[in-house]
Amino acid sequence: MNHNRPGTGTLTVTVFVFPGVRLLDVTGPIEVFATANEFGGRYRVRTASEDGAAVITSAGTRISADLSVDDVREPCDVLVIPGGPEWETLIKDDALLDVVRRLHGKARCMASVCTGAFLLAAAGLLDGRRAATHWRHSRQLALRFPSVRVEPDAIFVRDGRMMTSAGVSAGIDLSLALVEDHYGAEVARAVAKDMVVFMQRPGGQSQFSVRSQVPHSRREVLRRVLDEVAENPGANHTLSAMARRAGVSVRHVTRLFNEEVGTTPARYVEQVRLEAARVLLETGDDSMPVVARRTGFGSPESMRRAFVRHLGVTPGAYRASFRTTGVGTKDSVSEAVSPTSSS
């Protein structure tokens, strides 16, 4: 994109706000661009509402607007479209969609956060383009707008002058990428360190998905097998072992999994083991060999391959990034949160 070379010029960022907007979708990008100004960036950041009036966010917080949409006359270098939890109502608001289209005509770069992608799609601005949104809503985005090529695991996607990002905090990732485009990696890295966030977070959205749940099956035989896998992922769950315990043939078990679970027995077992390993890594201090043994992977290397294949991160990086407390030494915590890689 490179609207500007590092250290030169002032860039205008306009964040569109509307009733019911999600607060962090607005404040996350603003904080990134404002912090960049402390490290050599030159951003002019402002908020705009349809009529210039303050709006109430989905959190109940009032946000004032610096100007109305009609007052946005000169081209914006970046125009941010946040999302909101009531996106299904928002995409039916023709007046709101018309505002989004008008803003698009005044933006060199249009960037959405979370469900803001639905507003862009409903306005016809993502037709034929790749896009991202919150993992929970990516399937709905693809179903409702089949002309949009949804990338469900992406943290953010850039397609020409359009950028879309995943859920809520991913607006920070997207904004950091723009800072790097505009003023260089050194400035972006300084912002990330100051905010104590990853400049480039490991993995994609699949690492934030809801824990896999045993699907309901109409077949008693399959329900028994699924329950056994979920209750004891570390046990012997080879295809032949499962068939033997169920009292049916290997072919029959395979057919049941394909018909009712939508995957193979081996893939399902690995998914359950992966979920079990994630819980142990998040909540406990067991060594990698112990976690691998308890969850049925057998060896740390087998577990590592599964994590990298499905989540894009190693078990060690997962544990460091997703522990809910600061337990551990100062050095280990610093290593986990210090963003040093370039986007």
- Only counting residues at least two apart or in another chain, list the ones meeting side-chain contact (heavy atoms from CB on, under 4.5 Å) with S287. P289, V290
- Is T264 close to F257 at the side-chain level, that is, under 4.5 Å between some pair of heavy atoms? no
- Query: With T27, which residues qualify under side-chain contact (heavy atoms from CB on, under 4.5 Å), at least two apart?
  - Reply: L23, L24
- Item | By side-chain contact (heavy atoms from CB on, under 4.5 Å) - contacts of L96 (at least two apart) | F16, F18, L90, D93, L119
- Query: Is there a chain of hydrophobic side chains (I, L, V, M, F, W, Y, each step under 4.5 Å between heavy atoms) that links V308 to L274?
  - Reply: no
- D98: salt bridge (charged side-chain N to carboxylate O under 4.0 Å, His left out) partners, not counting sequence neighbours: none
- Task: Could I get the full list of ring-ring contact (aromatic ring centres under 6.0 Å, His included) partners for H137, not counting sequence neighbours?
- Result: W87, H134
- May I have the step-by-step check of side-chain hydrogen bond (donor to acceptor under 3.5 Å, both in side chains) for R101 and H104, ending in yes or no? CA-CA 5 Å; R101 295 186 192 98; H104 175 255; over 6 Å; no
- Message: I'd like to know whether D66 forms a salt bridge (Lys or Arg N to Asp or Glu O under 4.0 Å) with R46, so could you lay out the CA-CA distance, the side-chain angles of the two residues, the decisive distance to 0.1 Å, and finally the verdict.
- Response: CA-CA 6 Å; D66 298 311; R46 57 192 185 172; over 6 Å; no
- Which is it for E260 and R255 under the salt bridge (Lys or Arg N to Asp or Glu O under 4.0 Å) test, yes or no, and what are the steps along the way? CA-CA 9 Å; E260 300 209 22; R255 182 173 59 81; over 6 Å; no
- With sequence neighbours excluded, give me every salt bridge (charged side-chain N to carboxylate O under 4.0 Å, His left out) pair touching residues 110-126. none
- Message: Can you list everything that forms a salt bridge (charged side-chain N to carboxylate O under 4.0 Å, His left out) with R224? Sequence neighbours excluded, please.
- Response: none
- Message: Test: salt bridge (charged side-chain N to carboxylate O under 4.0 Å, His left out). Region: residues 262-274. Which pairs qualify, not counting sequence neighbours?
- Response: E270-R309
- Item | Partners passing salt bridge (charged side-chain N to carboxylate O under 4.0 Å, His left out) against R139 (at least two apart in sequence or in another chain) | none
- Message: Can a donor-acceptor pair be found, under 3.5 Å and without considering hydrogens, that links the side chain of T164 to the backbone of A117?
- Response: no
- Aromatic ring proximity, centroids under 6.0 angstrom, F33 and Y183: no
- Message: Taking salt bridge (charged side-chain N to carboxylate O under 4.0 Å, His left out) as the cut-off, I'd like each qualifying pair that reaches into residues 11-24, sequence neighbours left out, listed once.
- Response: none
- Listed once per pair and sorted, the salt bridge (charged side-chain N to carboxylate O under 4.0 Å, His left out) pairs that draw on residues 243-254, sequence neighbours left out: E228-R245
- Message: Do V157 and I155 sit in one hydrophobic cluster, given that two such residues count as connected whenever their side-chain heavy atoms are within less than 4.5 Å of each other, even indirectly?
- Response: no
- Message: Under the rule for side-chain contact (heavy atoms from CB on, under 4.5 Å), what residues qualify as partners of I30, not counting sequence neighbours?
- Response: V15, V26, V45, T47
- Message: Donor-acceptor check, side chain of D77 to backbone of V13, threshold 3.5 angstrom: yes or no?
- Response: no
- Tested for side chain to side chain contact (heavy atoms under 4.5 Å, CB included) against M110, the lone hit among I81, V78, V80 is I81
- So how far is it from T35 OG1 to D194 CG, rounded to the nearest 0.5 Å? 5.5 Å
- Message: Quick one, D127 with S147, criterion side-chain hydrogen bond (donor to acceptor under 3.5 Å, both in side chains). Give me CA distance, side-chain angles, the key distance, then yes/no.
- Response: CA-CA 5 Å; D127 289 352; S147 61; 2.9 Å; yes
